[in-house]
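Reminder, nothing fancy here: chain letters follow the sequence lines and each chain counts from 1.
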2 protein chains.
Amino acid sequence: MSTSTRERIMEAARLTVQDLGYGGLSFRELAKEVGIKSASIHYYFPTKGELVVAIVRRYIERHEAFLDDLFIESVDRGVLVGHYTEMYRRTLRNGNRMCLAGMLSAERNELPEDVRAEVVRWGEMNERWLVGVLASEDGGNGDGGDADRTRHRARAIFAAVSGAQMIAHGRNEIAAYDDVIAAYRASGLLP
Amino acid sequence: MSTSTRERIMEAARLTVQDLGYGGLSFRELAKEVGIKSASIHYYFPTKGELVVAIVRRYIERHEAFLDDLFIESVDRGVLVGHYTEMYRRTLRNGNRMCLAGMLSAERNELPEDVRAEVVRWGEMNERWLVGVLASEDGGNGDGGDADRTRHRARAIFAAVSGAQMIAHGRNEIAAYDDVIAAYRASGLLP
DNA sequence: ACCTGAACACCGTTCAAGT
DNA sequence: ACCTGAACACCGTTCAAGT
């Protein structure tokens with residue numbers, strides 16, 4: 001059996017949102033790609049918001065699983081963060097796309113409330129994973145002050161990598177991403 | 001005499017793009033704000049792209065003048081970069097808006113070519129100013145290798161601050177911006 | 001010089017109707 | 001269970017027509 005209509009809608013929608021954003025996602029264009037009429041999409045996803053909530057949820061799940069797998073394979077912080085920045089780099093490689101949640105983060109003010117909540121969840125997942133990575137070589141027994149500093153550094157790495165991707169996306173220039181990541185490492189922001 | 005119609009179109013359009021993005025800018029809504037009909041906007045700006053090119057150009061000019069004035073008042077890198085991050089913070093304070101060019105950077109793939117070019121110009125202006133700031137206390141006589149390192153660090157600061165703004169915008173949470181900027185400083189990325 | 005209504009091909013959404 | 005055409009109020013853009 002081949003991929004379900006529902007799956008094909010979600011996959012095509014995800015690629016379009018990462019390319020053109022929430023506002024750039026058209027039900028009529030989407031329907032053409034899938035081979036049905038635009039009214040039929042509403043059978044699977046009543047509104048555009050519900051469709052995008054579904055694709056962001058799955059996006060978070062899959063990337064969380066990917067990152068957790070990396071964590072099992074290595075405990076070297078430099079290696080793990082290197083895989084992390086490579087993940088964001090691959091998105092740019094794939095048709096100058098942006099992270100799904102990064103794109104939606106910029107469009108936040110025109111999103112339905114439930115989509116906004118998923119954008120926040122993406123950030124929380126990233127920060128949680130980075131906290132684990134940053135603590136992995138310290139024995140993990142720092143006092144409360146250290147935990148706060150680690151959390152803020154994790155959020156800073158998430159924001160900085162997201163920003164590097166946005167700037168490189170805006171220029172359609174992967175070299176810009178690479179230069180910025182290298183400079184983050186040189187400054188000590190990235191381990 | 002009061003503000004011209006053309007000025008009022010540009011000001012309202014800028015505020016909307018920083019709020020809802022290029023895709024979220026509607027000529028009909030814009031016309032209502034200015035008190036004319038949507039067809040009349042095309043008299044001043046034939047297309048949406050030409051309108052946005054005009055507002056980004058002025059945005060760049062005004063921020064460049066603002067930053068250059070700061071540079072005359074101080075040569076302390078910490079103080080100057082502090083003013084720089086405050087500038088991006090004020091945008092968030094003003095109705096959770098994003099930097100005009102940052103918003104457009106995310107929307108890049110659905111922009112006309114001439115708008116894309118202005119987004120690149122914004123980045124070049126930011127980098128140029130930051131290079132001046134970073135070099136200001138070194139005597140400015142580094143060799144070629146230093147100049148390259150300074151340029152990459154300037155671009156990294158630009159990307160990192162833009163990313164902090166995007167993440168805070170996505171959460172509608174200024175405290176997130178403040179925490180990330182503080183962590184950049186602690187890591188040594190920001191002077 | 002400045003503004004407008006009407007038309008065009010788009011958009012998300014709804015709904016009655018088909019199989 | 002799954003799909004559709006037609007309608008609705010939106011969108012940027014064009015253009016002939018008004019003052």
Can you tell me the base-pairing partner of C:dG18? Count Watson-Crick or G-U wobble geometry only, both distances below 3.5 Å, and say none if there is no partner. D:dC2
Would you indicate which nucleotide in D:dT4, C:dC2, C:dC3 comes nearest to any side-chain atom of A:S40? D:dT4
Taking the nucleotide of DNA chain C with the nearest heavy atom to each, does A:A39 or A:E29 sit closer to the 5' end? A:E29
Rounding to a whole Å, what distance do you find between B:F27:CZ and D:dT14:C1'? 13 Å
Checking C:dA7, C:dG12, C:dG5 against the side chain of A:S26 (C-beta onward), the nearest is C:dG12
Scan B:L30 against the nucleic acid and name what it touches under 4.0 Å (heavy atoms): base, sugar-phosphate only, or nothing. nothing
Nucleotide forming a Watson-Crick or wobble pair with C:dT13, both distances under 3.5 Å: D:dA7
In this structure, would A:V56 and A:L15 fall into the same cluster of hydrophobic residues linked by side-chain contacts under 4.5 Å? no
SB check A:E11 A:R6 (cutoff 4.0 Å): no
Is there a path of hydrophobic side-chain contacts, each under 4.5 Å between heavy atoms of I/L/V/M/F/W/Y residues, joining B:F45 to B:V115? yes
To the nearest Å, give me how far apart NZ (B:K37) and C1' (C:dC3) are. 11 Å
Check every atom of D:dC3, C:dT4, C:dT13 against the side chain of A:I36 and return the nucleotide holding the closest atom. D:dC3
Say whether, by atom type as modelled, one donor and one acceptor occur between the side chain of A:E127 and the main chain of A:A154 under 3.5 angstrom. no
Tell me: CZ of A:F45 to P of D:dC3, nearest whole Å? 12 Å
Phosphate OP1/OP2 of C:dT4 contacted by B:Y43 side-chain N/O (<4.0 Å): no
Nearest of D:dT4, D:dC3, D:dG12 to any side-chain atom of A:T5? D:dC3
Criterion side-chain hydrogen bond (donor to acceptor under 3.5 Å, both in side chains) on B:S162 and B:Q165, from CA distance to verdict: CA-CA 5 Å; B:S162 298; B:Q165 189 191 60; over 6 Å; no
Which value, in whole Å, describes the distance between the P atoms of nucleotides C:dC2 and D:dA17? 22 Å
CD of A:E110 versus C1' of C:dC11: gap in Å, rounded? 13 Å
Interatomic distance where CG belongs to A:L25 and P belongs to C:dC10 [whole Å]: 17 Å
How many Å lie between CD1 on B:I41 and P on D:dG12, as a whole number? 8 Å
Using whole Å, report how far CZ of B:R28 lies from C1' of C:dC3. 16 Å
Expressed in angstrom and rounded to an integer, what is the separation of A:L111 atom CG from C:dG12 atom C1'? 15 Å
Which nucleotide in D:dA7, C:dC2, D:dT13 has an atom nearest any side-chain atom of B:Y44: C:dC2
